[in-house]
2 protein chains.
Amino acid sequence: MILSRTSQYAVQALIYMATQPNATPVLNKDIASQLGVPAPYLAKILQSLAKGNLLFSFRGRLGGFCLRESGDKINLMQILLLTEGPVFTQSCLLGLKVCSDETACPLHFRWIPVKKKIMDLLQDTTLEKLAKAVESGKYRLADVPGQLFDQLRP
Amino acid sequence: MILSRTSQYAVQALIYMATQPNATPVLNKDIASQLGVPAPYLAKILQSLAKGNLLFSFRGRLGGFCLRESGDKINLMQILLLTEGPVFTQSCLLGLKVCSDETACPLHFRWIPVKKKIMDLLQDTTLEKLAKAVESGKYRLADVPGQLFDQLRP
DNA sequence: ACAATATAAAACAATCTTGTCTGAATATCC
DNA sequence: GGATATTCAGACAAGATTGTTTTATATTGT
């Protein structure tokens with residue numbers, strides 16, 4: 001519902017990156033194992049976020065991905081505009097191609113205030129807020145906590 | 001966003017049916033041409049709605065589909081539970097399998113009030129309200145208005 | 001040169017949307 | 001009552017989209 005798998009992974013990965021020290025690049029591999037998502041798929045997503053100017057990417061040894069800006073300057077809307085496309089903000093609940101105040105579907109005016117709530121949430125929620133929540137230890141970013149993976153490694 | 005194509009077609013079709021006289025069955029063919037959606041695909045959707053006890057279906061001459069109850073007794077949530085599945089009401093924004101108050105993702109408590117707004121809208125919006133809106137002539141149910149089709153027919 | 005890393009490309013699988021075809025049920029007409 | 005037309009029902013598959021995996025290539029630091 002609501003978000004595609006791609007968007008979900010993108011948001012999770014960026015939150016995780018926001019919890020890491022900003023100086024050193026984060027490896028795709030590490031993010032993937034911490035979140036428990038397929039690494040090559042995540043790589044593709046991170047690449048597209050780099051193309052969308054949300055991330056820096058560095059090749060070679062000591063390479064990896066870095067947030068282009070600090071977490072307090074990146075909100076969820078910016079991310080989802082990249083992963084869901086621009087249609088994300090303007091779509092009609094019934095899927096009509098044109099559905100504006102002038103030429104509206106019967107749900108249009110009921111949907112507008114609800115949609116505004118969603119958009120406000122996405123605009124207002126920054127990576128920094130979410131990263132702090134995760135760092136507090138009260139919230140989980142993945143189904144299988146990352147600590148479990150760390151314990152299993154030699 | 002939000003709804004699958006299947007759900008969108010289902011809602012559109014049911015609204016259309018609610019605008020028609022309840023006594024005579026409505027033909028899948030007619031609904032499809034009025035809405036401008038593929039008839040075979042819509043037929044499948046209507047069949048599953050019949051299995052879900054939202055519609056009656058009648059075979060043979062003078063057959064078609066009828067609403068099982070009057071439009072004021074059917075809300076959008078009932079429809080979407082059939083087309084999107086029960087997960088629809090309980091999913092996490094980040095896609096975590098378990099995300100409850102006890103074991104929450106960092107977005108959980110921000111998402112809850114917004115989600116409630118969505119659910120309230122779906123619960124509160126009945127087919128009758130939507131049908132009346134369409135009948136008033138101020139709202140459109142499809143991208144290409146049905147009247148256009150009627151004029152083109154011999 | 002070598003090893004570690006991102007990047008690109010391609011192959012694969014699953015799901016969603018749409019279309020085709022055959023069959024079964026029902027009402028109407030003769 | 002039988003023939004026929006109409007309509008839903010269900011199986012099957014093509015096409016598109018999305019998600020996933022695999023493989024190869026290019027770049028960088030040591």
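Residue numbers begin at 1 in each chain, while the letters A, B, ... track the order of the sequences.
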Taken to the nearest whole Å, NZ/Lys51(A) to C1'/dA9(C) is 11 Å

The correct set of residues in residues 52-63 of chain B placing a heavy atom under 4.0 Å from DNA chain C is Arg59(B), Gly60(B), Arg61(B), Leu62(B)

What nitrogen or oxygen pairs link the protein and nucleotides 11-18 of chain D at under 3.5 Å?
| residue | atom | partner | partner atom | Å |
| --- | --- | --- | --- | --- |
| dC12(D) | N4 | Lys44(B) | NZ | 3.0 |

Rounded to whole Å, the CG-C1' distance (Leu46(A) to dT5(C)) equals 14 Å

**OP:** Have a look at Leu27(A) and say if it touches a base, only the backbone sugar-phosphate, or nothing, with a 4.0 Å heavy-atom cut-off.
**Re:** sugar-phosphate

Side-chain heavy-atom pair Phe109(B), Tyr139(A) within 4.5 angstrom cut-off:
yes

Whole-Å distance, Ile31(A) CD1 to dT5(C) C1', equals 13 Å

Would you kindly say whether Thr6(A) and Tyr41(A) are connected by a side-chain donor-acceptor distance under 3.5 Å? yes

Rounded to whole Å, the NZ-P distance (Lys29(B) to dT20(C)) equals 16 Å

From CZ of Phe65(A) across to C1' of dA4(C) the rounded distance in Å is 14 Å

Taken to the nearest whole Å, CD1/Ile45(B) to P/dC16(C) is 13 Å

Here the salt bridge (charged side-chain N to carboxylate O under 4.0 Å, His left out) pairs for residues 38-55 of chain A, sequence neighbours left out, are none

In whole angstroms, the gap separating P of dC16(C) from CG of Leu42(B) amounts to 18 Å

Does either side chain, that of Ser100(A) or that of Thr103(A), offer a donor lying less than 3.5 Å from an acceptor on the other one? no

*Could you verify whether a donor N or O on one side chain and an acceptor N or O on the other, from Ser4(B) and Glu84(B), lie under 3.5 Å apart?*
yes

Looking only at heavy atoms, the pair that brings Gln12(B) and Leu141(B) closest together is OE1-O, 3.4 Å

Check: Within the pair Tyr9(B) and dT17(C), is there a side-chain N or O less than 4.0 Å away from OP1 or OP2?
Finding: no

Base, sugar-phosphate or nothing for Pro40(B)? Non-hydrogen atoms, less than 4.0 Å. base

Point to revise | Stepwise side-chain contact (heavy atoms from CB on, under 4.5 Å) test for Arg110(B) and Leu121(A) | key: CA-CA 7 Å; Arg110(B) 296 168 194 268; Leu121(A) 170 69; 3.6 Å; yes

query = Would you call Asp124(A) and Lys129(A) a salt bridge, using N to O less than 4.0 angstrom?
reply = yes

Glu69(A) side chain to Ile74(A) backbone, donor-acceptor under 3.5 Å: no

